[in-house]
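Everything on this sheet refers to the single structure shown next.
Model, not experiment: these values are computed from the prediction.
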Amino acid sequence: MKKRYDVTGMTCASCQANVTRAVEKLGVNDVNVNLINESMSVDYDEDKLSDDDIINAVEKIGYGASPKDQGKKEVASKEKEKDQEESNTRFRLKVSLVFLIPLLYIAMGPMIGLPVPSFMQGREGSINNAFIQFILTIPVLVVNRKFFINGFKGLFNKAPNMDTLVALGASAATFYGIFAIMRMAYGFGFNQPEIIDQYMHNLYFESAAVILTLITLGKYFEARSKGQTKASLENLINLAPKKATILVDGKEKSVDVSEIEKGDIILIRPGDSIPVDGEIIEGSSLLDEAALTGESIPVNKGVGDEVITATINKEGSFKFKATKVGEDTTLAQIINLVNEANETKAPIAKMADEISAIFVPAVIIISIATFIIWMALGYSFEFALNLMISVLVISCPCALGLATPMGIMVSTGKSAELGLLFKSAESLENLSKVDTILLDKTGTITEGRPQVTDVKTDIDHDEFIKLATSIENSSEHPLSNAIVTYAEENNIASENVSDFNAISGKGISATYNGQRYLAGNLRLMKENNIDLKNYIEIADTYANEGKTSMYFADENQLIGLIAAKDLPKATSKIAIDELKNLGYEVTMVTGDNEKTAEAIRSDLGIDKKFADVLPQDKDKVVKQLQDMGKKVTMVGDGINDAPALARSDIGMAIGNGTDVAIDSADVVLMRNSLLDIVSAIELSKSTIKTIKQNLFWAFFYNVILIPVAAGLLYPFKGITLNPMFAAFAMSISSVFVCLNSLRLRGFKPEFKNQKAIDEIEASNEENEHLSNNIEETKGEEKMADTNKLVVNVGGMTCEHCKKNVEKALNELSFVENANVDLEAKNATVDYFGSAEEDQIKEAITEAGYEFNGIEYK
């Protein structure tokens, strides 16, 4: 099973590596530790391990762990805890600065001519000067004791970390200062002024205080940056409303969203956010889904349409039934995907992890070696100590630990804003390495809603369509739906069939009016030795026009064919051109015949195609491309695309595709547009570029400055690195990595043909508004055409009777509204067109009451 945990006490890459290593030793299947989220994901066999085993392993090396609870109260508590931590860091920084400023003045002021009180001047005041410096240093040490507690705990548990380096450096400087005061006191007591002169300007209290203050400053900026990094995800979490209005026994009731159960009826008014996923049962409106899909144009929704959490109702009121609540909602699943992506490691992070695991112990060894070597070369104790402290402080691996997770977290948050969902950090990185884009045709390149264009038959047209729609009615194939729709538009009713059988990738068979019929592609006809007559030439003509032909035959011969065309999405051609401009080879896979596929390929400018591919063979196409050495991204939306999506290097599922396709994919495109492929690829490349910059800075910084801190340049150039500068440089490196990662928040995909995209979006928006206006006009016309009549009804005695009569009348197709007056024994009816008196009479009598005539108004 896979379980998530909160981890406390981590401060750097070494902490992350320590926790990972401790849990791996338990024999788990997989473990991913996230430094920024302070979380851990563990995949383990629950028959062999328990929560306690994992938690104890983490606690044993000095950190804390607890199972991550998804409950809202626990999440809120966690956020409050993090806010408190930032507040504590700010407090520590303020206290440190209050005491550091006078400390620096006393320690450094006389060197640049600044005045100090006379009792602290010269040799006579040196003890006072040193002791006051020590007194000012104590509050800085106390308020930043966290570094010492965590650092030495890690050292004693054989899991040293960044805090260990800080603690050792600050401790060495402080104890040397105390040692110096003792030596100065000895000089005064035994009248050896040369000892006083030797130590009075080499106390290092200010170094200890500056190291702790600057690293606290870096931690504060780092915490602020992490907060900004998580902003996108927190914005997603905050999209869902906290309250909702449900209907209980017809009455409105305001409840917490967490209390909504599956099947509840929710009332939505203009401006409300949708609290859970559901299906509209009454009313209609425009919904803004931009927050989840990135689509700026509001979407028309009516009875039977699905609504998703956190979308905003723009106008109109409606009721919907909750179908997904809690962790099952679309928003919750998106947040879960983003969290999972943050908690996985990109391959590029492995090198940093391996280095971090040995980095801190290596630095401690280098610092000790530095001290020993300079002492052995005859240099002073103070000089060797100074270099040792510099090595300890300059080497803190904060930047190294933040380099990858900061980039991943900002990127996954940004991708969620754009309607792109990466399921793992690995998929985010690997997408930047692909070179071939394999596109499924139906529903991916095209709208997935074919329209009948031509009908050819030897029998009567209407009879043929009746036969065809009767056979196709039980099929869910898009081409079958096109035929059924065509029949409905031509008012041709279908009949029941028997022995229906779907033949995968070829067509269907059924018995209609006692005779067996076949419907499908040419392969099905040939396998059944059907006489094709002259229909092959007709089908070839349609194929050259990009149309797909469906053959219909009895047991012996072809009786007709229906041609349909599935139009490409408005942005498909632009997206394909954009991908080709970026250097990608674009290939199409389809079940269409060679000629139809070629017509589509040519129209859209696709590089290559695979035609006549059976649904179950799409993954073989992926393997064929991979065997040629290509890195393949497969984009699809159907159940039959799932194996190909799973086999490809990176699988992309269109967001409105099937659940199986989405589950099999590495990336989910929430919008129904191929342009999102371009956006996902560009975001992937930008993310990896940013991470490489972060890693370069972290490695460059350590590789260059550790030797300098160790005094490598001193014999040649006389250059050493002051511990205070080392602390400052270390803090700046961490802040640089954070700020560099935050640049990804401003990412915006760049399209060569942005003008054409803008025109399509403007056209879509205009069409949407036109559609809305038409609907409004129809509604107004409908109301304007309403007529009134009064139906006299006998036999009504109570409210129950009133409801029965109103229900019976309102169910009539031409009735807009019916209201019963129980006292007057009649019903006022608003109706359209002409009222059917016989139907009204029948409705009243079937309800069990007397029809006493109609009066027209």
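Closest approach of Glu279 and Thr323 over heavy atoms only: N-CG2, 4.2 Å. Closest non-hydrogen pair, Ala611 versus Ala597, comes out as CB-CB, 3.6 Å. Closest of all the heavy-atom pairs between Gly605 and Ile576 is O-CG2, 4.1 Å. Between Leu579 and Val586, the shortest heavy-atom distance links the atoms CB-CG2, 3.9 Å. Of all non-hydrogen atoms in Tyr584 and Thr436, the two that sit nearest each other are CD2-N, 4.4 Å.
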* Asked: Do Asp499 and Arg516 pass the salt bridge (Lys or Arg N to Asp or Glu O under 4.0 Å) test, and can you show the C-alpha distance, the side-chain angles, and the key distance before you say yes or no?
  -> CA-CA 9 Å; Asp499 302 325; Arg516 181 172 173 267; over 6 Å; no
* To do: Could you check Glu598 against Arg601 for salt bridge (Lys or Arg N to Asp or Glu O under 4.0 Å), going step by step and ending with a plain yes or no?
  => CA-CA 5 Å; Glu598 176 58 28; Arg601 185 206 69 77; 2.9 Å; yes
* Would you check, one step at a time, whether the test salt bridge (Lys or Arg N to Asp or Glu O under 4.0 Å) holds for Lys533 with Asp458? => CA-CA 11 Å; Lys533 303 181 182 178; Asp458 292 335; 2.7 Å; yes
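Between Tyr535 atom OH and Thr457 atom OG1 the span is 5.0 Å, to the nearest 0.5 Å. The structure places CG of Leu418 at 10.5 Å from CG of Leu421, a figure rounded to the nearest 0.5 Å. The structure places CD1 of Ile508 at 7.0 Å from CZ of Phe552, a figure rounded to the nearest 0.5 Å. Separating the CG atom in Asn521 from the OG1 atom in Thr548 is a distance of 10.0 Å, to the nearest 0.5 Å. In this structure, CE in Met652 is found 10.5 Å from CG in Leu674, a value given to the nearest 0.5 Å. Note that CG of Leu439 is 8.5 Å distant from CD1 of Ile654, once rounded to the nearest 0.5 Å.
Using a distance-only test at 3.5 Å, with no hydrogens or angles considered, a donor-acceptor pair links the side chain of Asp305 to the main chain of Gly302. In this structure, Thr469 contributes its side chain and Lys466 its backbone to no donor-acceptor pair below 3.5 Å. Asp649 contributes no side-chain N or O that, together with a main-chain N or O of Thr633, makes up a donor-acceptor pair within less than 3.5 Å.
The neighbour count for Lys623 NZ, taken as heavy atoms of other residues, nucleotides or ligands under 6.0 Å away, does not exceed 12. The environment of NZ in Lys580 is crowded: more than 12 heavy-atom neighbours from other residues, nucleotides or ligands sit within 6.0 Å. Residue-environment remark: CD (Glu527) exceeds the threshold of 12 foreign heavy atoms within 6.0 Å.
Gln624 has its side chain within reach of Phe610: a pair of non-hydrogen atoms, C-beta onward, lies under 4.5 Å apart.
A search for side-chain contact (heavy atoms from CB on, under 4.5 Å) contacts involving Asp554 returns Gln515, Tyr517, Asn556, Gln557, Ile559, not counting sequence neighbours. Residues passing the side-chain contact (heavy atoms from CB on, under 4.5 Å) test with Glu545 are Thr541, Tyr542, Lys547, sequence neighbours excluded. Residues satisfying the side-chain contact (heavy atoms from CB on, under 4.5 Å) test with Lys803, not counting sequence neighbours, are none.
Side-chain contact annotation: Thr596 with Asn593, donor-acceptor N/O pair under 3.5 Å present. Between the side chains of Asp566 and Thr446, at least one donor-acceptor pair of N or O atoms lies under 3.5 Å.
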